[in-house]
Structure formats: structure tokens, C-alpha cells
Amino acid sequence: MTMAMATGNLAAHDRQILAAVNGGASSLSFVGSGFIVLCYLLFKELRKFSFKLVFYLALSDMLCSFFSIIGDPSQGFFCYAQGYTTHFFCVASFLWTTTIAFTLHRTVVRHKTDVEDLESMFHLYVWGTSLVMTVIRSIGNDHGHLGVWCWEQRGQTGKVVHFITFYVPLWGAILFNGFTYFQVIRMLNNATRMAVGMSERGYQLDARADNMKALNRWGYYPLILIGSWAFGTINRVHDFIEPGHKIFWLSVLDVGMAALMGLFNSIAYGLNSSVRRAIYERLDLFWPEKLRRWFPCSSKSRGQQQESELVSLKIQDPQ
């Protein structure tokens, strides 16, 4: 989807380079997101509501990466299917990040405990919006065959529709996530200062350290979408201004960073302390005795980490 837009008017050699970049980056995202999906299916202790949203995010990333790797199988039905499914699951991916941000905001800032009751609404919102955007995307498209990817949009109408159905909701999600995490971080900062003023020094240091870990991690979430799609957005705007001229290095960054979105999401959202602890506990079952002598405290120290950066935080009011 993004690759077809990035490769128009490029030489065959340049398109081959972009195809290699896309294949390599998408493969990394497929492996990373697939690993998170596998962890959710194998480890029962991870099947909490907070990580269930991460599972849906990883599943969307995995399918988006898979169909991106396929490229252009043939003209006709399979070509259309590849193009539409890539668009569908890429949109679903960044929409799932908004549900995670909403859940965290509702729990931390608004102190609500009904987020699990909203799961059906989340599915309707994500899959329904993705479907609508994908159907609208077909308006004005002239499905071409580049030899590497499906359906290049040659007409100006197709380019406008593509921008509206993908980049507009994308940057809407970025703004929503940024504003939401700003409020969550501000709330947690205020609670931390309040706790520091009322507690003993030892507890103060521990609480501040734990909260800073969470704040640092949450601060990266909006940056993932920005980093993944900033070059793609610039490339689309440049294509509007100079439709007959492609900048090769910008296309490389466009394709590469967009394809790495699944890997970035799997690291930031998926590899939290709960996942690492579940993996370490399984490894300990098969850990050779000789190696345990070298790392005697590894499991114990890891087991003392905070449960998850996405679990519901309980901020108590001072008495």
C-alpha cells in the first residue's frame, strides 16, 4: 500500500531496492509481532484485558506485515486482495493504539473500572472503521501493476482519497494518543509528588523510580507512529506538489520506517515486564544447573519487577 505510492516514477533498479527494504523490514515486524501473539497464546497469565489489547495490536501488525511481504502475487483478485488487506490491517494497527491509550486514560485519570465492558465497542470501532476506510479507499483508484506491488494510484482523485482514508485518521490517532498520554503522565506526576510529600524517604525513591520507568515507556508510544509515518506523510505531500518527481532516499525512509511499525510496537507495547517474567520463568524450567550458578539471582530480581506498564494503576487519595 505505502510501497506502491512510494515507488511511482522510479527506475526498475530503485524499485528493486525498495522491495528489498520493504521485505526485510516487514519480516522483522512479522517476527516481532508474531512473537507477542505467540506469548499471549502460550502464557495464560498474560491473558488479562490490558494485554489482550496488545494482542489485538500485534495481530494486526503481524497480518499487515505478512501481506506487505507478499508484494504483488498477480493481476486480478489476489492483487486486489493484497492491497485491500494491507490497508485494512495497517489502519487497524494504529486504531488499536488509541484503545490502549483510552483504556489507560480512563483507568488512571478518570478512575473508572469498567474498561473491560468496552471490549465489544473497541472491536466495533477498530474493525468497523478499518473496513469503512478500506472500502472508501477504492474510490477513484486506477489499479495498476508495477511489477513489485499492487495497485498504484495514478489519478489525483485516488491520491486524495488515499490521504483522507489513511493519513487523516493516522494523524488523528497520533494527536489523540499524544494528548491522552500527556494527561496520564501529568496525573501520575502529581500523584508521585503527593506520595513523596507524605511517605518515608525509602518508599519515595522506590515509588519515583517505578513511576519514572512507566513515564519513560509511555512517552515513547506516540513517537512510534510519528517515527513510522512521518516520512510517508512528507512523501505524500511532496507527491501532491511535484507528482512527476520522486526522491529516492525519501522513498527508502518512507517504505522502511512504515514497514518497521510492527517491530516498534512489539518492543514498546509487548515486551513489558510481565512478558519478560513469563519467559524467564519458562526458561528457568530448562535452565542448566551450571548456568544457574553463574546467574543465581536473575529470576528472583526479575520477578520483583512491576507487573506491567499497561495494568490499571490505582492512585489513592490522601487520607
Side-chain angles (χ1 to χ4, degrees), residues 1-37 57-76 78-94 130 133-134 137 141 143-154 158-159 162-163 165-167 170 224-239 243 245-268:
M1 187 250 320
T2 298
M3 290 66 69
M5 295 293 294
T7 56
N9 299 321
L10 288 176
H13 175 69
D14 293 338
R15 291 207 302 269
Q16 290 176 358
I17 295 176
L18 290 179
V21 171
N22 171 67
S26 296
S27 297
L28 291 175
S29 291
F30 180 81
V31 172
S33 53
F35 177 76
I36 300 302
V37 169
L57 169 63
L59 183 63
S60 299
D61 282 330
M62 184 180 70
L63 293 173
C64 177
S65 300
F66 172 76
F67 288 110
S68 295
I69 295 171
I70 289 176
D72 186 357
S74 66
Q75 286 279 19
F78 290 105
C79 187
Y80 292 134
Q82 187 271 337
Y84 286 124
T85 49
T86 302
H87 187 273
F88 177 86
F89 287 112
C90 284
V91 173
S93 173
F94 64 72
S130 301
M133 293 297 102
T134 303
R137 171 75 191 274
N141 286 343
H143 300 294
H145 186 79
L146 291 175
V148 181
W149 298 290
C150 289
W151 55 302
E152 174 195 13
Q153 286 154 300
R154 300 171 180 172
K159 295 177 181 179
H162 172 257
F163 197 89
T165 57
F166 188 85
Y167 287 94
L170 167 67
I224 294 174
L225 288 179
I226 295 176
S228 297
W229 296 104
F231 295 108
T233 305
I234 296 172
N235 209 11
R236 298 296 86 73
V237 174
H238 176 266
D239 191 44
H245 175 65
K246 286 288 184 180
I247 303 176
F248 178 67
W249 65 265
L250 182 59
S251 297
V252 171
L253 292 174
D254 175 5
V255 171
M257 294 302 293
L260 287 173
M261 179 181 66
L263 178 64
F264 297 150
N265 283 336
S266 64
I267 294 174

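These numbers come from the heavy atoms of this one structure, side chains and all, not from hydrogens, waters or symmetry mates.
- How far CZ of R137 is from CZ of F163: 12.5 Å, rounded to the nearest 0.5 Å.
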### Query
Yes or no on side chain to side chain contact (heavy atoms under 4.5 Å, CB included) for T165 and H87, after CA distance, side-chain angles and deciding distance?
CA-CA 9 Å; T165 57; H87 187 273; 3.8 Å; yes
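- Side-chain contact between L225 and F264 is absent, with no heavy-atom pair separated by less than 4.5 Å.
- Here the closest non-hydrogen pair linking S130 and T134 is O-OG1, 2.7 Å.
- Not a single ring pair (Phe, Tyr, Trp, His ring centres under 6.0 Å) links F30 to another residue, sequence neighbours left out.
- Atom-to-atom distance recorded for L260:CG and S65:OG is 9.0 Å, nearest 0.5 angstrom.
- Contact of the D254 side chain with the R236 side chain is registered, since non-hydrogen atoms from C-beta on lie closer than 4.5 Å.
- Every residue meeting the side chain to side chain contact (heavy atoms under 4.5 Å, CB included) condition with L250, not counting sequence neighbours, appears here in chain and number order: F231, I234, N235, I247.
- For the pair S68 and N22, the tightest heavy-atom approach, listed with the atom from each and the gap, is O-ND2, 3.2 Å.
- Here the straight-line distance linking atom OG of S251 with atom CD1 of I17 works out to 11.5 Å at 0.5 Å rounding.
- Listed by chain and residue number, C39, L271, I279 satisfy the side chain to side chain contact (heavy atoms under 4.5 Å, CB included) test with F35 (two or more places apart in sequence, or in another chain).
- Side-chain atoms of S33 never come within 3.5 Å of backbone atoms of S266 as a donor-acceptor pair (strictly under, hydrogens ignored).
- In this view, S93 and L57, S60, D61, M261, N265 satisfy the side chain to side chain contact (heavy atoms under 4.5 Å, CB included) rule, not counting sequence neighbours.
- Evaluation of the side chain to side chain donor-acceptor pair (under 3.5 Å) rule for T85 yields no partner, not counting sequence neighbours.
- Here D14 contributes atom CG and F248 contributes atom CZ; the two are 4.5 Å apart, rounded to the nearest 0.5 Å.
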### Task
Please report the C-alpha distance between L59 and F89 in whole Å, then the side-chain angles of each, then the deciding distance to 0.1 Å, and finally whether the side chain to side chain contact (heavy atoms under 4.5 Å, CB included) criterion is met.
CA-CA 9 Å; L59 183 63; F89 287 112; over 6 Å; no
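- Remark: F88 engages W127 in a ring pair (Phe, Tyr, Trp, His ring centres under 6.0 Å) (not counting sequence neighbours).
- Annotation for H245 and H238: closest pair O-CE1, 3.0 Å, computed over non-hydrogen atoms.
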### Task
Could you go through the ring pair (Phe, Tyr, Trp, His ring centres under 6.0 Å) check for F166 and F94 one step at a time?
CA-CA 10 Å; F166 188 85; F94 64 72; 5.6 Å; yes
